[in-house]
Amino acid sequence: MRSLSVLGSTGSIGTQTLDVARKHNIKVAAITANKNVKLLEKQAREFKPSLVCIGDESLYKELKTALADTSVEVTCGSDGVLKAAAHSQCDLVVNSIVGIAGLLPTLTAINACKDVALANKESLVTGGALVMRAVKEKGVKILPVDSEHSAIFQCMQGCKQSEVKKIILTCSGGPFFNYTSKQLENVTKEQALKHPNWSMGAKITIDSATLMNKGAELIEAVWLFDKRAEDIEIVVHRESVIHSLIELEDNAVLAQLGTPDMHIPIQYAITYPDRFSSQSGRLSLTDYANLTFYKPDYETFKALAACKKAADLGGLYPCAVNCANEQAVKLFLEDKIKFAQIGELVESTLSYKDFGGEYTLNDVLNTDREIREYVKEMSQKR
């Protein structure tokens, strides 16, 4: 069994990762969280990692005091997160940090020759060229954790890459399936935070409601599976039973099915290529009267359309739409903009300036800062 460093251990993916570690007695070398000191302390006492990091530096003393009777090394801030990502005692880094903040830890882990179980899609959305170049140079693996990308990865086992003609990404459609643009204008924060199938953190739940999450997953799939955006189809599948599919050269279609539960994709990323018993419930198809499929509404869900266009344009366009979305979601959760404005602000970023061409890490970070300021300014004019 591998030894893990879990970045974002107190979040939804992080806690389920530790469920898997607990069930299969997997060593945990390092854990990090942003603010949840109490849960982080509890995890540290149970799993006894060598290193624990709290991202919020103002909480360092509280965590240090809480773990004073242990031998655990307590760190804080972004430097502490990077130390966990490159920890000498781990060989697999599970990155479940939310947002572009996960990019540098992903690159750090890869450059330290660690395999990465990637739940932080923004690493590839904002810096896909940088990440995949580093993966090739270091000879490590990116193992997808998102249920959709894990499904594609699982379907591809035993297939040649050249035989895969198309990827079909399934999408729950979120809580506002079949809403019109007019209806989206009156959506409340409470409504947007109620996902029909999945239990997730606030940011990704909002992304699922705007369908931005699916647009980001399209961009992520481009990098993970070396496909063009035009070779990836998005299909709304309300039941979230079929997690994604691939279409082969002879038009055969393979799908991976399961209950809406993240334990299977998390565990497969950790134990790949082996499979073990799982905490996920068994799927009974007869429990579902129907499995339904629809085309996504690109006109109404502007963030999804913006991601699709950004994937076609390449360069830093995906980074720009992601950073615009992160800032817009923050403003929405702070009750400073309406729900429908999120997609509008993301879409407007595409015409802000030319983001084409090759880029460096500094270019990514500069784009992040620039676009966040742009979104703040634009939100005040609407």
Side-chain angles (χ1 to χ4, degrees), residues 1-22 25-68 70-124 126-127 130-131 134-135 138 140-145 201 266 269-270 361 365:
M1 278 294 181
R2 317 186 82 148
S3 177
L4 310 179
S5 179
V6 185
L7 312 183
S9 67
T10 60
S12 176
I13 296 296
T15 54
Q16 291 177 86
T17 297
L18 293 181
D19 287 344
V20 172
R22 183 183 299 112
N25 197 29
I26 299 170
K27 177 177 172 55
V28 177
I31 54 176
T32 81
N34 189 31
K35 290 180 178 292
N36 196 336
V37 172
K38 288 187 177 180
L39 181 52
L40 191 61
E41 179 198 353
K42 183 179 178 182
Q43 292 173 343
R45 292 187 180 279
E46 177 182 358
F47 290 95
K48 298 177 175 57
S50 300
L51 177 76
V52 173
C53 172
I54 188 76
D56 187 334
E57 295 182 19
S58 68
L59 298 173
Y60 171 73
K61 287 185 179 179
E62 182 181 345
L63 182 63
K64 180 75 172 175
T65 301
L67 292 173
T70 73
S71 60
V72 177
E73 179 185 354
V74 179
T75 61
C76 67
S78 56
D79 287 345
V81 174
L82 298 184
K83 190 171 183 179
H87 199 282
S88 61
Q89 293 179 22
C90 86
D91 54 15
L92 178 69
V93 176
V94 181
N95 187 353
S96 61
I97 293 172
V98 176
I100 193 174
L103 172 59
L104 195 51
T106 293
L107 288 170
T108 299
I110 293 168
N111 287 324
C113 297
K114 314 293 184 184
D115 290 339
V116 178
L118 190 63
N120 173 258
K121 62 178 61 66
E122 291 86 358
S123 290
L124 290 174
T126 62
L130 306 177
V131 171
V135 165
K138 296 297 180 179
V140 299
K141 296 184 182 69
I142 293 283
L143 299 159
V145 170
I266 291 169
I270 292 171
L361 179 59
L365 300 178

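- The structure places NE2 of His87 at 7.5 Å from OG of Ser5, a figure rounded to the nearest 0.5 Å.
- Contact record, Ala269 with Ala117: CB-CB, 4.0 Å, taken as the closest heavy-atom pair.
- With rounding to the nearest 0.5 Å, the separation of CG in Leu92 from NZ in Lys27 is 14.0 Å.
- Lys35 is linked by a salt bridge (charged side-chain N to carboxylate O under 4.0 Å, His left out) to Asp56, counting only residues two or more places apart in sequence or in another chain.
- Judged by distance alone, with hydrogens and angles left aside, the side-chain atoms of Ser3 form no donor-acceptor pair with the main-chain N or O of Val28 at under 3.5 Å.
- Residues Leu104 and Leu361 have side chains in contact (heavy-atom distance under 4.5 Å, counting atoms from C-beta outward).
- Contacts of Val135 classified as side chain to side chain contact (heavy atoms under 4.5 Å, CB included), with partners at least two apart in sequence or in another chain: Ile110, Val131, Val140, Ile142.
- Annotation for Asn120 and Gly99: closest pair ND2-O, 2.8 Å, computed over non-hydrogen atoms.
- In terms of modelled atom types and a separation under 3.5 Å, the side chain of Asn34 and the main chain of Ile54 share no donor-acceptor contact.
- Rounded to the nearest 0.5 Å, atoms CD1 (Ile266) and CD1 (Ile13) are 4.0 Å apart.
- The distance from atom OG of Ser9 to atom CG of Leu4, rounded to the nearest 0.5 Å, is 11.5 Å.
- Contact record, Leu40 with Cys53: CD2-O, 3.5 Å, taken as the closest heavy-atom pair.
- Pairs engaging residues 100-124 under the salt bridge (Lys or Arg N to Asp or Glu O under 4.0 Å) rule: Arg2-Asp115, Lys121-Asp146, Glu122-Lys203 [sequence neighbours left out].
- With rounding to the nearest 0.5 Å, the separation of CD1 in Ile100 from CG in Leu365 is 6.5 Å.
- Between Leu7 and Pro105, the closest heavy-atom pair is CD1-CB, 3.7 Å.
- For Thr65, there are no side chain to side chain contact (heavy atoms under 4.5 Å, CB included) partners, not counting sequence neighbours.
- No donor-acceptor pair under 3.5 Å is formed between the side chain of Lys61 and the backbone N or O of Ser58.
- Residues Thr17 and Ser96 fail the side-chain proximity criterion, which asks for heavy atoms closer than 4.5 Å.
- Contact of the Phe47 side chain with the Ile31 side chain is not registered, since no non-hydrogen atoms from C-beta on lie closer than 4.5 Å.
- Thr15 meets the side chain to side chain contact (heavy atoms under 4.5 Å, CB included) test with Leu39, Gln43; sequence neighbours excluded.
- No side-chain donor-acceptor contact under 3.5 Å links Glu46 to the backbone of Lys42.
- With Asn95 contributing its side chain and Gly102 its backbone, the two residues share a donor-acceptor pair below 3.5 Å.
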Can you list, pair by pair, the side-chain donor-acceptor contacts under 3.5 Å of residues 73-86, counting residues two or more places apart and other chains?
residue : atom : partner : partner atom : Å
Glu73   : OE2  : Lys83   : NZ           : 2.5
Thr75   : OG1  : Val52   : O            : 3.3

